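See below for the structure under consideration.
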Protein chains: 2
Amino acid sequence: MVWTTAGPLLQLPSLMSERPLLPLLGDAAPERRDAARNREALLVAAQEIIETCGIDGVTMDGVAARAGVGKGTVFRRFGSREGLMAALLNFSETEWQASVISGPPPLGPGAPPMERLLAFGRSRLETTLRFADLIRAAGAAGTRSYAAYSFVAMHVRYLMGEIGVTGDIALLATALLAPLEVPILEQQVQIEGMDLDRIHVAWVDLAHRITQH
Amino acid sequence: MVWTTAGPLLQLPSLMSERPLLPLLGDAAPERRDAARNREALLVAAQEIIETCGIDGVTMDGVAARAGVGKGTVFRRFGSREGLMAALLNFSETEWQASVISGPPPLGPGAPPMERLLAFGRSRLETTLRFADLIRAAGAAGTRSYAAYSFVAMHVRYLMGEIGVTGDIALLATALLAPLEVPILEQQVQIEGMDLDRIHVAWVDLAHRITQH
DNA sequence: CGGTGAAACCGGACCACGGTCCGCTTATAT
DNA sequence: ATATAAGCGGACCGTGGTCCGGTTTCACCG
């Protein structure tokens with residue numbers, strides 16, 4: 001992933017319609033070619049507008065105009081503004097997932113599970129803050145999407161199991177992830193002016209307390 | 001507080017403009033009488049619309065029309081739709097705060113701090129779910145408002161101090177509160193279909209792990 | 001007690017944006 | 001070549017939010 005200097009933006013891969021890392025089973029009807037072209041053009045346009053004017057500058061009319069299509073097409077492809085944002089977010093999320101699944105340790109496999117968990121926390125903290133605007137703009141479509149929340153929850157549950165945590169692992173995992181959500185982090189960073197390192201240290205402490213290891 | 005049978009709605013006190021329990025220091029300019037009348041009429045109107053059509057049925061035009069004022073007045077009084085929702089929320093929040101500050105134990109003072117903390121968690125869990133729609137509609141204005149977040153955080157920090165918790169109490173309190181936020185709870189209840197009692201039991205376990213008591 | 005000035009307030013016309021809809025166009029399979 | 005379904009586009013709507021000219025309230029003073 002290459003970051004521009006202008007802000008927390010993502011570099012779009014050449015093929016925008018690539019499948020997520022964990023593909024769904026039935027690909028009943030593939031996309032028509034013009035539809036695929038438009039999807040890519042729309043994502044590029046949205047990306048460019050974000051680079052220029054920020055997230056709030058992204059209007060559905062504006063994206064459609066820049067991509068040279070009608071407004072209806074944008075909604076056909078992405079359902080809503082949140083859906084468009086979620087699609088944008090999906091790329092960085094997919095890339096990040098790859099580094100968790102098959103990247104170098106300690107984030108990737110190979111390290112002891114507790115070390116992986118702590119590396120996960122740090123990485124997730126940074127990623128969430130970097131994409132905070134996009135995540136917020138994606139709203140429910142981003143949080144509840146298959147790619148975003150579920151993968152993270154599954155991974156933490158798995159690591160907790162490996163560590164040997166006892167108790168309601170699903171809910172303990174949620175408790176460990178909740179302080180890494182955007183609203184909580186923004187409250188701490190922007191309003192209470194907390195230091196990022198302090199938050200990280202506290203999260204490591206929290207992980208030890210919750211896992212009791 | 002008297003609950004109607006129609007849904008999770010609040011009974012408005014007779015004087016809508018009463019001050020919060022922890023008043024701000026400088027009340028520089030008191031409200032003009034017509035302005036106070038309008039504020040009350042607007043809150044009543046909004047409340048009635050919620051009872052009839054739910055939160056999504058609340059439009060700023062609708063509230064203004066029902067209160068017999070112009071739309072501009074609504075925005076002057078509450079700043080935004082979120083601000084209006086936050087004002088509505090403030091009443092139940094204030095009442096709940098009263099039961100924490102001066103109500104019967106174990107929620108109120110008198111019980112050992114750990115018992116108070118557990119009672120707090122249960123009560124907060126129920127209250128948050130009851131007002132979930134309103135809290136979500138209040139958005140940032142609700143979360144960041146003085147009355148809502150700050151009071152809760154202060155109270156948990158205080159109890160943690162009394163219990164004798166060591167560590168970064170401010171951030172441990174946040175970690176304990178984060179799983180009680182609306183988005184997390186709705187994810188668990190609505191999407192993962194979790195039982196309310198299970199969530200409560202897990203939160204109690206979490207409180208023991210985090211406080212290490 | 002009544003007048004007076006200024007600040008606060010009010011209202012509804014106006015704008016921008018998200019989202020919908022339906023008749024027309026185009027790609028693809030046969 | 002043709003049928004058919006998917007795709008497309010832009011006119012249209014409802015809603016949140018802004019703005020500014022006219023009106024009301026209230027403190028102060030003669």
Side-chain angles (χ1 to χ4, degrees), chain A residues 16-17 26-43 45-46 49-50 52-88 133-134 136-142, chain B residues 16-17 26-43 45-46 49-50 52-88 133-134 136-142:
Chain A
M16 305 295 297
S17 55
D27 248 352
E31 209 167 40
R32 237 168 66 172
R33 212 174 301 143
D34 52 348
R37 247 199 327 271
N38 281 340
R39 148 172 289 139
E40 180 157 357
L42 285 166
L43 286 171
I49 292 174
I50 289 179
T52 309
C53 319
I55 297 276
D56 292 344
V58 178
T59 70
M60 300 305 260
D61 296 86
V63 172
R66 182 178 257 269
V69 303
K71 192 182 184 178
T73 303
V74 191
F75 282 92
R76 165 170 297 274
R77 283 283 81 104
F78 301 104
S80 67
R81 187 176 188 273
E82 290 190 354
L84 173 61
M85 297 302 185
L88 243 26
D133 285 349
L134 206 48
R136 211 179 328 103
Chain B
M16 307 294 296
S17 54
D27 247 352
E31 208 169 40
R32 237 167 65 173
R33 211 173 299 142
D34 53 348
R37 248 199 326 272
N38 281 340
R39 147 173 289 140
E40 181 158 357
L42 286 167
L43 287 171
I49 292 174
I50 289 179
T52 310
C53 320
I55 296 277
D56 292 343
V58 177
T59 71
M60 300 303 260
D61 296 86
V63 173
R66 182 178 258 269
V69 302
K71 191 182 184 178
T73 303
V74 191
F75 282 92
R76 166 169 295 274
R77 283 278 81 93
F78 301 104
S80 67
R81 187 176 190 274
E82 291 191 353
L84 173 61
M85 298 303 186
L88 242 25
D133 285 349
L134 205 49
R136 207 176 334 100

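Throughout, a chain's letter reflects where its sequence line sits, starting with A, and its residues are numbered from 1. What you are looking at is a predicted structure, and each value in this text was computed from that prediction instead of being measured. Heavy atoms only: backbone and side chains are in, while hydrogens, waters and symmetry mates are out.
Looking only at side-chain heavy atoms (C-beta outward), A/Lys71 and A/Arg76 stay at 4.5 Å or farther from each other. In this structure the side chain of B/Val74 never reaches within 4.5 angstrom of the side chain of B/Arg81, judged on heavy atoms. In this structure, the side chains of A/Met85 and A/Val58 come closer than 4.5 Å at one or more pairs of heavy atoms. Residues A/Leu84 and A/Met60 meet the side-chain proximity criterion, which asks for heavy atoms closer than 4.5 Å. Within the 4.5 Å cutoff, the side chain of A/Arg66 has no heavy atoms near those of the A/Leu42 side chain.
B/Val74 comes within contact range of no nucleotide atom at all, as no heavy-atom separation falls under 4.0 Å. Heavy atoms of A/Val58 sit under 4.0 angstrom from primed sugar atoms or phosphate atoms, though from no base atom.
In this structure, the NZ atom of A/Lys71 is 16 Å from the C1' atom of C/dC22, given to the nearest Å. In this structure, the CZ atom of A/Phe78 is 16 Å from the C1' atom of C/dG18, given to the nearest Å. Protein atom CZ of A/Arg32 is 6 Å distant from nucleotide atom P of D/dC8, rounded to whole Å. Atom CD1 in B/Ile55 sits about 12 Å away from atom P in D/dG16, given to the nearest Å. The nearest whole Å value for the distance from the CG atom in B/Asp56 to the P atom in C/dG19 is 13 Å. Atom CD1 in A/Ile49 sits about 10 Å away from atom P in C/dG18, given to the nearest Å. B/Leu42 places its CG atom 16 Å from the C1' atom of D/dG16, with the value rounded to the nearest Å.
With distances taken from any side-chain atom of A/Arg76 to the nucleotides D/dG16, D/dC8, C/dG19, the minimum falls on D/dC8. Taking every side-chain heavy atom of B/Met60 into account, D/dG16 is the closest of D/dT25, C/dG18, D/dG16. Here D/dG16 is the nucleotide among C/dC9, D/dG16, D/dG10 with the atom lying nearest to any side-chain atom of B/Phe75. Checked against C/dA13, C/dC10, C/dA27, the side chain of B/Arg77 finds its nearest nucleotide in C/dC10.
Nucleotides of DNA chain C nearest to A/Asp34 and B/Gly72 differ in position, and the one nearer the 5' end is that of B/Gly72. Both A/Asp61 and B/Thr59 lie near DNA chain D, and the one whose nearest nucleotide falls closer to the 5' end is A/Asp61. Positionally, the nearest nucleotide of DNA chain D for B/Arg81 lies more toward the 5' end than for the other of B/Arg81 and B/Arg33.
One finds a side-chain N or O of A/Asn38 lying less than 4.0 angstrom from the OP1 or OP2 phosphate oxygen of D/dC8.
Taking the charged nitrogens against the carboxylate oxygens, B/Arg136 and B/Asp133 do have a contact shorter than 4.0 Å, which makes a salt bridge.
Between the two ends of the helix from C/dC1-D/dG30 to C/dT30-D/dA1, each summarised by a five-pair axis, the helix axis turns through 10° (rounded to 10 degrees).
Heavy atoms only, all atoms of each residue included: A/Ile55 and A/Ala137 are closest at CG2-CB, 3.7 Å.
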